[in-house]
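Side chains included, hydrogens not; waters and symmetry mates left out as well; all remaining heavy atoms used.
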Amino acid sequence: NLNNLNNRNRFTIFTGGKLEWRKGQDIVVGALKELIGHLAPEVDWHVVAAWHTDYEQFFAGLDSAGHVNGLPTSARSVDVAAWLERSGLPRGSFTLLEPSSGAAVAAAA
């Protein structure tokens, strides 16, 4: 829910793109996990992710560097959320945006 993002004490990071190894989402997850757990736990860290793909075969390799725990079971937001939690991000430390087409974004502007 984007209404929950209007918090002045929160440091929000946006990341977008296809969910795949070469885009570095595993690095984002690993970095946020370190920030929350060790480097700056006093900050209310939050990541807003627009990670979408129709091709789950691109997940291969996301777990190869050890920043995350396994792979998402599908590209559905509920499965990506479970993967983020399994990888060490607390529930509430991320928001997953649903996919939308370019035409839908233009119509909303």
Side-chain angles (χ1 to χ4, degrees):
N1 182 348
L2 291 179
N3 293 329
N4 294 336
L5 299 180
N6 191 16
N7 178 342
R8 292 198 176 274
N9 297 322
R10 176 171 276 181
F11 189 93
T12 302
I13 301 163
F14 173 80
T15 174
K18 284 192 300 186
L19 184 55
E20 61 180 88
W21 171 78
R22 68 184 188 92
K23 300 287 186 176
Q25 288 100 339
D26 61 322
I27 297 169
V28 172
V29 173
L32 189 60
K33 184 170 48 175
E34 287 298 311
L35 288 167
I36 290 170
H38 305 293
L39 299 175
E42 70 282 359
V43 177
D44 184 12
W45 296 97
H46 193 84
V47 66
V48 176
W51 296 338
H52 310 108
T53 187
D54 293 328
Y55 307 102
E56 293 169 7
Q57 67 266 26
F58 290 132
F59 293 169
L62 272 170
D63 57 348
S64 63
H67 301 298
V68 295
N69 186 355
L71 300 172
T73 56
S74 81
R76 297 178 338 168
S77 290
V78 65
D79 294 327
V80 173
W83 170 66
L84 292 173
E85 290 177 21
R86 205 171 53 247
S87 295
L89 294 187
R91 183 173 293 180
S93 68
F94 57 86
T95 298
L96 299 174
L97 301 179
E98 294 297 327
S100 59
S101 69
V105 171

Donor-acceptor contact below 3.5 Å, side chain W83 vs main chain V68: no
Heavy-atom donor-acceptor pair, S87 side chain to N69 backbone, under 3.5 Å: yes
Distance (rounded to the nearest 0.5 Å) between K33 NZ and L39 CG: 12.5 Å
Distance, nearest 0.5 Å, that separates CG of L32 from CZ of F11: 10.5 Å
Any donor-acceptor N/O pair, Q25 side chain to K18 backbone, under 3.5 Å: yes
Interatomic spacing from OG in S74 to CZ in F59 - rounded to 0.5 Å: 6.5 Å
Student check: side-chain heavy atoms of F94 and V29 closer than 4.5 Å: no
Side chain to side chain, L97 and V48, heavy atoms closer than 4.5 Å: yes
L84 side chain near L96 side chain, heavy-atom distance below 4.5 Å: yes
Backbone N/O of L62 and side chain of H67: donor-acceptor pair under 3.5 Å: no
Donor-acceptor pair, side chain of E56 and main chain of A75, under 3.5 angstrom: yes
Atom pair CD/NE2 of E98 and H52 - distance to nearest 0.5 Å: 6.0 Å
Sequence neighbours excluded - salt bridge (charged side-chain N to carboxylate O under 4.0 Å, His left out) pairs with any residue from residues 81-94: E85-R91
Beyond-backbone contact of V43 with L35, side-chain heavy atoms, under 4.5 angstrom: no
Separation of I27 CD1 from W21 CH2 (nearest 0.5 Å): 9.0 Å
Straight-line distance of Y55 OH to E20 CD, nearest 0.5 Å: 11.5 Å
Hphob cluster co-occupancy, I13 + W51, side-chain heavy atoms under 4.5 angstrom: yes
Full working for side chain to side chain donor-acceptor pair (under 3.5 Å) between W45 and S93: CA-CA 6 Å; W45 296 97; S93 68; over 6 Å; no
